[in-house]
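Within every chain, numbering begins at 1; the chains are lettered A, B, ... in the order of the sequence lines, protein sequences first and strands thereafter.
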Amino acid sequence: MPKLGLNIDKYLRTQVLPTVWCPGCGNGNIVEGLATAFSRMEVDPTRVVVVGGIGCSGRTPFYVQTNAMHTTHGRALAYATGLKMAQPDLTVVVTAGDGDALAIGGNHFIHAARRNIDLTVLLYNNGIYGMTGGQRGPTTPFGSRTTTSLAGNIERTFDTVEIAMAAGATYVARTTTFDMQEIPLRIQEAMAHPGFAVVEILTQCPTYYGSLNQLGDASDMLIWQRDLTDGVPVKMLNREELLGPLRTGVFRNEKVTEFTQAYSDLCSQVGGNYGHN
Amino acid sequence: MPKLGLNIDKYLRTQVLPTVWCPGCGNGNIVEGLATAFSRMEVDPTRVVVVGGIGCSGRTPFYVQTNAMHTTHGRALAYATGLKMAQPDLTVVVTAGDGDALAIGGNHFIHAARRNIDLTVLLYNNGIYGMTGGQRGPTTPFGSRTTTSLAGNIERTFDTVEIAMAAGATYVARTTTFDMQEIPLRIQEAMAHPGFAVVEILTQCPTYYGSLNQLGDASDMLIWQRDLTDGVPVKMLNREELLGPLRTGVFRNEKVTEFTQAYSDLCSQVGGNYGHN
Amino acid sequence: MATIERDQVRIRLAGRGSQGIMLGGTILAEAAVIDGLMVAEIQEFGPEARLGAAKADLIISKGQIAFPVVHQADFLLCLSRPAYVRYSTTLSMNGLMIAEETLREEMGDSFRVTYIPFRAAALELGKELYSNIIGLGALAALSNAVTKESLQNAVRARVETETLTENLAALDIGYELGYKQVPQQIGSRWANAAR
Amino acid sequence: MATIERDQVRIRLAGRGSQGIMLGGTILAEAAVIDGLMVAEIQEFGPEARLGAAKADLIISKGQIAFPVVHQADFLLCLSRPAYVRYSTTLSMNGLMIAEETLREEMGDSFRVTYIPFRAAALELGKELYSNIIGLGALAALSNAVTKESLQNAVRARVETETLTENLAALDIGYELGYKQVPQQIGSRWANAAR
Amino acid sequence: MNPEPNKNNQKLVMGNEAVAMGAIAAGCDFFAGYPITPATEILEEMSKMLPPRGGVFLQMEDELSAIAAVIGAAWGGSISMTATSGPGFSLMQENLGYASITQTPCVVVDCQRGGPSTGLPKLASQGDVMQARFGSHGDRPTLVITASSVNDCYESTVFAFKMSQKHRMPVILLIDGVIGHIREPVELPPAPPPRKATFPKIDADSPRFGDAPFVPFGHGPVTVVTGLAHQSNGLAETQKGSHTEQMIRTTIENICRDPEIIDSWALKYQLDDADVAIVAYGITARSAREAADLLRADGIKAGLLDLKILWPFPNEILRELAGKVAAIIVPELNLGQMVLPLKAAVGGRVVVHSLNRADGTLLTPNDIAEFAAKQLNSIEERTHA
Amino acid sequence: MNPEPNKNNQKLVMGNEAVAMGAIAAGCDFFAGYPITPATEILEEMSKMLPPRGGVFLQMEDELSAIAAVIGAAWGGSISMTATSGPGFSLMQENLGYASITQTPCVVVDCQRGGPSTGLPKLASQGDVMQARFGSHGDRPTLVITASSVNDCYESTVFAFKMSQKHRMPVILLIDGVIGHIREPVELPPAPPPRKATFPKIDADSPRFGDAPFVPFGHGPVTVVTGLAHQSNGLAETQKGSHTEQMIRTTIENICRDPEIIDSWALKYQLDDADVAIVAYGITARSAREAADLLRADGIKAGLLDLKILWPFPNEILRELAGKVAAIIVPELNLGQMVLPLKAAVGGRVVVHSLNRADGTLLTPNDIAEFAAKQLNSIEERTHA
Amino acid sequence: MTSLTIRIGDQIPIRIGTETEVRYEQNGASLTIRRIYCKSCLLCIEACPMNILRLDQDDLIQVTEIGKCIFCGACAGRCPDFVFVLAPEKGEK
Amino acid sequence: MTSLTIRIGDQIPIRIGTETEVRYEQNGASLTIRRIYCKSCLLCIEACPMNILRLDQDDLIQVTEIGKCIFCGACAGRCPDFVFVLAPEKGEK
């Protein structure tokens, strides 16, 4: 979107740009969406921590001019849980890829959701492992080609939204880098939500997913994303078609006791005073 | 159930009895159910592997007179996945507790379900860590007392059935050690099902869960289980009540391409011959 | 290899989980502390702790306790049959087993064992659960490891108020039952072991 | 410390990811193998491989290659501006940079650099993608590291049939472009470096 | 059951409880863990002690997340700790490396059990002493403290926290299932009132790593933390890890010459005139002390070097000892681990005999004394021959 | 891009590809892994090579499950392998211990990168050599093989599989990102046709562990496998781990006296008349070989001991060497790891100098030669003084 | 393991305390009580419709009046420890 | 970093190849092109409704005819690399 009138540079660590990502990668658009949300919400950068895992998306914390924690593969949510519990009035945003959050980090994802701890998770879903060069992941669509599924992926695909909801996330949304206006809106909603909030963002990987599956360049992949998500109701997990349609939007937005609040209540109950700095 | 006419001793490793479990623990009833299912299905013990993790339930493989693999904490399903893929005509049954399968092993649980690999999972849910002496777990009901939640558990509770279904399990059932006749029936169905089959079995832990929550002895806990599950529709995850009702029965039983079959097809497609011994 | 007189007693308490062995160990250790003695106590823990025979091990000593674990016990209190079967081999060469009377018939007499009717005495007091305190009393009388006063104080500190009277009574009974065995059982072997 | 004549050439190919640097490295290595030479080739890998300047390093040698990594290159082929900026410091003291002609204006002339219009030549052939093969040709002419025949055979083995004709033509063009520079650039320094 | 005071002011405390009490005394206000025998009591005690103090107790989904949460909490300004045993300690290795490279103060307790794998969960072991130093990939500075009594458990824990903050690094407290479960009378000060940690003020341009003080998120200007090699400003260096190598080397140097560490490295018992030195640590040091007495009763001048800090290894102390005694005996409840750095340190100046046992059973004073006597006899035999 | 043959029958093969080809040659029919730099190509190659052979390729959800699946598959009768790098290797430590205690044949490749933590993913390192030995809790037998060329990658992999089956243990192949990514011309035999592993026939009463042959599930009578200490029939022993301790000791003895291992332990280069020996391994051995040449060109009689098997450590070879040379130089891409067992082995018979670098940059021949020359000079200075 | 077989209707021994397995037979059917596995959990006692089970002084299960036993299998069904084995009249399958 | 500012309507320099940042101003509004961040992905080129963006020979983005620019922000919206910054007439907020 035009950045007219909004100085998002304030929320960018411009001295480390350009980003590490390949030409045409949509991750930069998500960073832009995040900086835009920060900008609109006028957050204090010293009171925000962006926590990333390992993988392309995990590099996000380097690019936003807030506190940044680049952790280990799959564990970002566990780090973030400790951090948030230690200082509950910090705003903690977790950026994780589909591999980071749902393959190696799947367990922390479901448990953070179960606890309903006040974290905002931006789940960058490009359907492939980018940083290591294009291997199959848990969200790689059935039948897709990757460097470890050259004859087509035979594994079934996770639906992030389904998993997040079953595990107990209280805000769940999905959007795409095609729908770029939506990204900051969803992030703002998620950050404003007191509880575990997941925004899945489909993002294009032209270098690996696109080229291995002959989807054209980054521009072509945006159109593909649009078609992929074009108003069709969300499918259950069992889809075994290549590139099945996925609905975008907000799937859940419920208020349920948040975990740091529950912990605070517990402490009060036994005479403790939690949450001061 | 009366073992009249059915020699389940053939499927029990009687030389290592009595089991390690506490007096009144329901795990023995599940072993009995498993041996009964084996007996009714007249399985060849050398063609069956029972794989357990760590925790009370993880000891199950020692007590059934089939191949037994007692693995590491949380990883039973990953071991079983390798084993099944290596020799797909083996029957592989995984026994795991709520902590083993859903806390430390949660990730392997959702990924094995996603793949729909032909494993039968008996998920012993006693709502607490027994082997280590009564700590909180991911299925500990909200508000319950454990040795790490003496003031009442403030964490939300996983619903195994919801998680299993969202992750892609194709047979999902729940029963209890009160409904002891059902246990072998569900196990038989699950073993007959070609795909990832989960049977959650609520089982009493009188030593820790029962005594910490003043639920009486093992007999009292059976009645409590009956009341807990008495025909009430399954609840979504968000329940924050102590001891909320849980429906029992079969929640899903669908045929979807099984993973060793999908892998066999892949091999054929590229000229390979998979699955012979 | 030389041996060194350590002025210490190694004690093992064993019985069924329901017999309050763990609490017994704690009370005995506490009594030793009150007496100003050194003590190292370790109770069964971890997997399988709850199956079979529960046990609590103590070393009570006038001096520093270097090696803190009981491999061979000077005094072995056995309240149940499985405990007897499992631990009788851990009695030291000069040790004394103090066992539940009802086991005498099966296990037979020996100069290394003294039988005391803990169960019967406890049931007389109202609950089998008092066996542990009766056992402690007998053990204290036979071993002289701790003073009766300290044991009473330890009981006061560790048992719930509602059952304090019965438990103190149990201690007395145990003490008496043990003391009765002293002429037969106590020679030079333990008379000054700890005090 | 003594130096040992190793009869080996250290080569670095660098350019944008889209310029076929990796394939270039493979073809050059293959040519060396066809020539019966020893070769060690290593291409950029891992995180951030795709950003900025792509590179492929080769050591081509008559004898065994002990230390297999290029820290300082005898020949540095730079097809893009970022590659020039990033790697010019890795040219050895006696090394020769072979750079894209269009960089001459910004970077300036030096006895250590020879500029060749790879881009223009490639576009003339139809695609900028041929820059890599043209570069290989020039490099081979200037370094004498591998024979032209082997390079041709390596191209035949490694490029797709549809573009083989163009790639072989690119090789010829590069060879000519490089050869033209030989009188100016090649003194005693590299004439017999590898062969 | 809570320990009750008695007239001697001595409380009967279990080793694992003493660790938890030491943590509280050191200001620990964050614990994340996962149940595991024989360390579980530390988790349970912390679950009781922290909420009334407003501190955080988290039971995580596994050990991977427990250590991750501990590091996250440290960066949230907490004084944080986890406790586990071998299998969990193995799972923590990757993130322990993260704590090292990010110079994060925290304490990790490994209450050892018999290994490998599930092994002997409730039996005695010293099988993780090399893992505590080398369990992570790559090199990292390590400070590993041990304990051989309940009182030690308390004091070593306090010391571990102090050192973790002083040198901004993860510190490992290595005990074992026996020490963790023994109850002994100890006289401990009452728990201090809850306090929040304070941190120095820094500017946006101040370095964050290397020699810089530790300042968590939200307590100063924006900070970048990464597990990649990085510069002192926190930004990654991916082409060459010089700054990180230097930071690691500096931390190692700092701990090796810290007087507080040097003073605590080892206790000497009857070594002044000793012909034979037993070098031992943890639970085995207790047997070894009695073994030294037994040997002296038999006319052999034996002494004990009781290692209190295992890593960094006290090379100098060992070298000095090697010049004074005729033989060193190293009893360990493993197949011979600390004997390796010990042999490297003494460099052949003295004969070193290893006594090992890894079946879950303790080495008794007699075991050690008899072994030592036998080795000495065989040395003499060789000398006579 | 698949390597193509040329007229010399030499193929240009990358180290990681050679590992995969070696695995196939050794009969590997099961691979489970997870992407990680710089080991990913092994995973990718196996994903291409196994399905057409009817073998199993699994990309698992993480490294924890990858090693678990590999062990499970071994018990399913597969010849199985995984490959990873430091962070993944750290995650595998717990289950590597399981493979050891259950005497499961399998191969684990660690293609090292700079550590600790995420560290320097694509830079050179030898930071995991001690972890490969001591990374798991408890003691386990370890056989760690390394490689310093593409050809080595192939042959060491074949050897690793052979040894893993012979001694029924997990064998670790330790390479690094540079060796893994170098392409060199090699002449390799064609892949053999797929074959299923065969196993001996045993009775229900036959022992399953200890000296017994490995017989997987479904290939014989019912078998019990556990990560608890166990007897030779597989049933757990929880009160005392004597059988397991004995099994571990026996395996260690067996590998230490296996002639195939002894013959492969180390390569000697110009050591016969050497005054100074460089002891190196992996990528650094290549620099060291050239360094030895450089030193000889400068009149210093230098030689190289190139360690091919790191663990068990070749104590005897080092002791012998120590008697012959005046100094040993140990260059390593870490802060000094293999120098520890080396020093323990030589026991002060010779001066040992450690040259270390852990910033991701290789030690060049000049670095090593200059360091060696400098150390020798300072020795001479001391001698003259 | 000591074992005792009792044919119902015969004189029943007064004390079976030290027997680890007791087998009752009637008309070819049998109830075997493997007391060695018993953990004293009381589940069978509460399940028995005839109220003829109790713990002995070693806390192992025993039948007080075998004559009242209806061979219903409730004890076997509830026991988690494989103590009770009922065999039908025709013997084991 | 070299920077060049161009007021639209002025004479436009023919070559801006080596400039890493170019700023176009018109009526107080501005379009800044941080060419140093450009990765040549073409997304802006395909997004530009006026078709006035192309890559130069270093594969960095440049405007061919700034006079045609309508300051719509499509380039900035699609660019994942923060190359384009549009400032409104009133200056930065």
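- More than 12 heavy atoms of other shown residues, nucleotides or ligands fall within 6.0 angstrom of atom CD in B:Gln15.
- Only the backbone of E:Ile36 comes within less than 4.5 Å of a heavy atom of chain B; no side-chain atom from C-beta onward does.
- Of the residues considered (B:Ile54, B:Thr147, B:Leu102), B:Thr147 shows the highest number of contacts with chain E, using heavy-atom pairs under 4.5 Å.
- For E:Pro35, the parts sitting under 4.5 Å from any heavy atom of chain B are the backbone and the side chain alike.
- Between B:Thr148 and E:Phe57 the shortest side-chain heavy-atom distance falls below 4.5 Å.
- For B:Thr71, the part sitting under 4.5 Å from any heavy atom of chain E is the backbone (N, CA, C, O) and nothing else.
- Between E:Gln112 and E:Phe89, every side-chain heavy-atom pair lies at or beyond the 4.5 Å cut-off.
- Side-chain contact annotation: B:Tyr124 with B:Thr60, donor-acceptor N/O pair under 3.5 Å present.
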